[in-house]
Asker: 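Sharing a structure here in structure tokens format.
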Amino acid sequence: MASRIALVTGASSGIGAATAAKLAASGFTVYGAARRVDRLTGIPGVIPLAMDITVEDQVSAAVDRVLADGGRLDVLVNNAGFAQYGAVEEVSIDAARYQFEVNLFGLARLTQLVIPHMRQQGSGTIVNISSMGGRIYTPLGAWYHATKHALEGWSDCLRVELEPFGIRVVIIEPGSIATEFGEVLARHAPPADPNGQPSPYQGLADKVGRTMADPDFQRKSSPPTLIADTILTAVTAQQPKSRYMAGYLAKPMWALRRFGGDGLYDRAVARILK
Ligand SMILES: NC(=O)c1ccc[n+]([C@@H]2O[C@H](COP(=O)([O-])OP(=O)(O)OC[C@H]3O[C@@H](n4cnc5c(N)ncnc54)[C@H](OP(=O)(O)O)[C@@H]3O)[C@@H](O)[C@H]2O)c1
């Protein structure tokens with residue numbers, strides 16, 4: 001039987017790189033997409049595709065290339081993403097829009113281009129990488145959480161839309177995973193003195209930064225291979241679950257909010273900050 005064909009976005013780093021490698025090692029024909037193509041060439045068995053998820057021409061060229069080569073696409077892993085942290089008052093609306101362009105609209109456009117082909121095949125699996133942050137929230141993460149909460153609802157609707165066509169939609173909710181995510185988050189944070197004035201949120205930003213940089217937190221974060229294994233389980237299951245939650249802190253944080261309510265959750269998060 002011909003190998004199943006997979007396209008993984010954000011394959012140049014972290015969860016995407018681990019997933020592309022895992023699927024390739026498990027017999028899938030894997031296309032890995034990202035802006036840093038040089039990083040993709042190092043992943044054994046992965047065919048690199050240059051793609052900025054926010055650039056329509058690059059997104060459609062990637063889909064065309066996969067279909068021209070193999071005539072089908074069996075698995076789409078929508079993984080590319082980053083976190084725009086910062087106070088709502090201080091993150092520009094342009095930066096917030098860009099956060100949505102990358103984390104929601106980019107993957108939505110890619111998914112729109114893939115659906116007709118999966119519909120014709122009568123099969124396919126679309127895996128959307130959300131986050132525990134799609135169910136909970138953290139201080140200064142308003143725009144990031146907004147994209148992931150949106151992705152959760154969007155994916156639920158997509159699942160019921162596509163189920164009659166034999167296409168599965170799976171949501172993955174990683175906890176804290178040791179990748180370049182934290183470095184990219186720090187790069188996008190607003191300056192300490194926007195408008196030339198000290199930020200009223202600097203104390204909170206310092207606490208969030210210290211908590212994320214804490215060696216104990218870093219050490220306990222799960223490896224990206226844990227999420228790659230979860231994705232492999234989902235895409236090879238006869239009946240995949242609609243959601244898979246995995247990785248450090250994901251289940252306890254979700255349980256805290258679910259059973260403790262927002263009041264208890266707010267107080268617990270405030271206490272966790274260093
Ligand atoms: N690490 C965590 O703790 C964690 C927890 C929950 C959820 N997640 C989610 O997991 C996914 C992967 O994150 P990660 O932790 O593996 O972070 P990462 O190591 O920073 O990897 C992010 C990937 O996304 C790609 N990307 C970012 N912007 C892009 C754009 N405009 N166009 C195309 N690709 C873009 C990057 O590729 P290029 O820069 O080369 O384009 C990179 O391959 C994200 O959706 C993130 O929200 C992560």
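Side-chain atoms are counted along with the backbone in the values below, which use heavy atoms only and exclude waters and symmetry mates. First listed ligand is number 1; within each ligand, the first listed atom is number 1. Small disclaimer: the values here were computed from a predicted structure and weren't measured.
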Asker: For atom 32 (N) of ligand 1, find the nearest protein heavy atom and state the residue, atom name and distance (0.1 Å precision).
Answerer: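 Of every protein heavy atom, I53 N, 2.9 Å lies nearest to atom 32 (N) of ligand 1.
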Asker: From atom 22 (C) of ligand 1, work out which of G10, G16, G81, S221 has a heavy atom at the shortest distance.
Answerer: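 Comparing heavy atoms across G10, G16, G81, S221, the nearest one to atom 22 (C) of ligand 1 lies in G81.
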Asker: Would you compute the distance between atom CG of D229 and atom NZ of K22 and round it to the nearest 0.5 angstrom?
Answerer: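 Those atoms lie 4.0 Å apart.
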Asker: Do NZ/NE/NH1/NH2 and the carboxylate oxygens of D214 and R210 come within less than 4.0 Å?
Answerer: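 So D214 does not pair with R210 through a salt bridge.
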Asker: To the nearest 0.1 Å, how far is atom 47 (O) of ligand 1 from its closest protein heavy atom, and which atom is that?
Answerer: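 Checking every protein heavy atom, the shortest distance to atom 47 (O) of ligand 1 gives Y144 OH, 2.7 Å.
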Asker: Give the C-alpha distance, both sets of side-chain angles, the deciding distance and a yes or no for side-chain hydrogen bond (donor to acceptor under 3.5 Å, both in side chains) between E101 and T54.
Answerer: CA-CA 6 Å; E101 288 296 334; T54 67; over 6 Å; no
Asker: Nearest protein heavy atom to atom 31 (N) of ligand 1, by residue and atom, and its distance?
Answerer: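 The answer is D52 OD1, 3.2 Å.
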Asker: Would you give the length of the straight line joining atom OG1 of T111 to atom CH2 of W154, rounded to the nearest 0.5 angstrom?
Answerer: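 Separation between the atoms: 4.0 Å.
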Asker: Between Y248 and ligand 1, which residue portion shows a heavy-atom distance shorter than 4.0 Å: side chain, backbone, both, or neither?
Answerer: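 Neither part.
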Asker: Starting from atom 3 (O) of ligand 1, find the nearest protein heavy-atom neighbour and note its residue, name and distance.
Answerer: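 Of the protein heavy atoms, I177 N, 2.9 Å lies nearest.
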Asker: Run N79 and T19 through side-chain hydrogen bond (donor to acceptor under 3.5 Å, both in side chains) and show every step you take.
Answerer: CA-CA 9 Å; N79 165 74; T19 301; 6.0 Å; no
Asker: Please step through side-chain hydrogen bond (donor to acceptor under 3.5 Å, both in side chains) for the pair Y85 and T138, ending with a clear verdict.
Answerer: CA-CA 10 Å; Y85 264 58; T138 53; 2.5 Å; yes
Asker: Near M51, which atoms of ligand 1 are under 4.0 Å from a heavy atom of that residue?
Answerer: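 Here the atoms of ligand 1 in question are 32 (N), 33 (C).
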Asker: Starting from atom 45 (O) of ligand 1, which protein heavy atom do you reach first, and at what distance in Å?
Answerer: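 Its nearest protein heavy-atom neighbour is N79 O, 2.8 Å.
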Asker: Could you tell me which non-hydrogen atom of R135 sits nearest to which non-hydrogen atom of R257, and how far apart they are?
Answerer: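 Looks like O-NH1, 2.9 Å.
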Asker: Counting only heavy atoms, which portion of S130 has something under 4.0 Å from ligand 1: side chain, backbone, both, or neither?
Answerer: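 Near ligand 1, S130 shows its backbone, while the atoms from C-beta on stay back.
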Asker: Students should be able to answer this: which protein heavy-atom is nearest to atom 27 (C) of ligand 1, and at what distance?
Answerer: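 Of the protein heavy atoms, R35 NH2, 3.5 Å lies nearest.
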Asker: Determine whether the side chains of Q99 and T147 contain a donor N or O and an acceptor N or O closer than 3.5 Å.
Answerer: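 Per modelled atom types, Q99 and T147 side chains form no pair under 3.5 Å.
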Asker: Should the proximity of F181 to ligand 1, defined as any heavy atom under 4.0 Å, be assigned to the side chain, the backbone, both, or neither?
Answerer: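 It is both parts that get close, each with some atom under 4.0 Å.
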Asker: Among all protein heavy atoms, pick the one closest to atom 16 (O) of ligand 1 and tell me residue, atom and distance.
Answerer: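 The answer is I15 N, 2.9 Å.
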Asker: Just going by heavy-atom distances, which of S176, G247, A80, G175 is nearest to atom 4 (C) of ligand 1?
Answerer: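 It is G175 that holds the nearest heavy atom.
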Asker: Nearest to atom 17 (O) of ligand 1, what protein heavy atom do you find, and at what distance?
Answerer: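 The answer is T179 OG1, 3.5 Å.
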Asker: Which atoms from ligand 1 have a heavy atom of S131 less than 4.0 Å away?
Answerer: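 Once the distances to S131 are compared, the set is 6 (C), 7 (C).
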Asker: Pick whichever of S13, S12, G14 has a heavy atom sitting closest to atom 18 (P) of ligand 1.
Answerer: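 Shortest heavy-atom distance from atom 18 (P) of ligand 1: S13.
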Asker: Please round to the nearest 0.5 Å and tell me the distance separating atom CD1 of I272 and atom OG1 of T211.
Answerer: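 It is 8.5 Å, given to the nearest 0.5 Å.
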Asker: Side chains of Y201 and E89: do they bring a donor and an acceptor to under 3.5 Å?
Answerer: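 On atom types as modelled, these side chains qualify, holding a pair under 3.5 Å.
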Asker: Which bit of R39 gets closer than 4.0 Å to ligand 1, counting heavy atoms only: side chain, backbone, both or neither?
Answerer: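 For R39, no heavy atom sits under 4.0 Å from ligand 1.
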Asker: What's the separation between atom CG in L162 and atom CD1 in I115, rounded to the nearest 0.5 Å?
Answerer: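 Going from CG on L162 over to CD1 on I115, the span is 4.5 Å.
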Asker: Take every heavy atom of E173, measure it against each atom of ligand 1, and state whether any distance is under 4.0 Å.
Answerer: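 The answer is no, since E173 has no heavy atom less than 4.0 Å from ligand 1.
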Asker: Counting heavy atoms not belonging to R97, are there more than 12 under 6.0 Å from its CZ?
Answerer: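 Counting neighbours around CZ of R97, 12 or fewer heavy atoms of other residues, nucleotides or ligands fall under 6.0 Å, so no.
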Asker: With atoms numbered from 1 as shown, which atoms in ligand 1 lie under 4.0 angstrom from a non-hydrogen atom of Y98?
Answerer: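 Listed by number with element: 31 (N).
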Asker: Give yes or no for whether the N/O distance cutoff of 3.5 Å, strictly under, is met between P174 and ligand 1.
Answerer: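 N/O-N/O distance below 3.5 Å does not exist for this pair.
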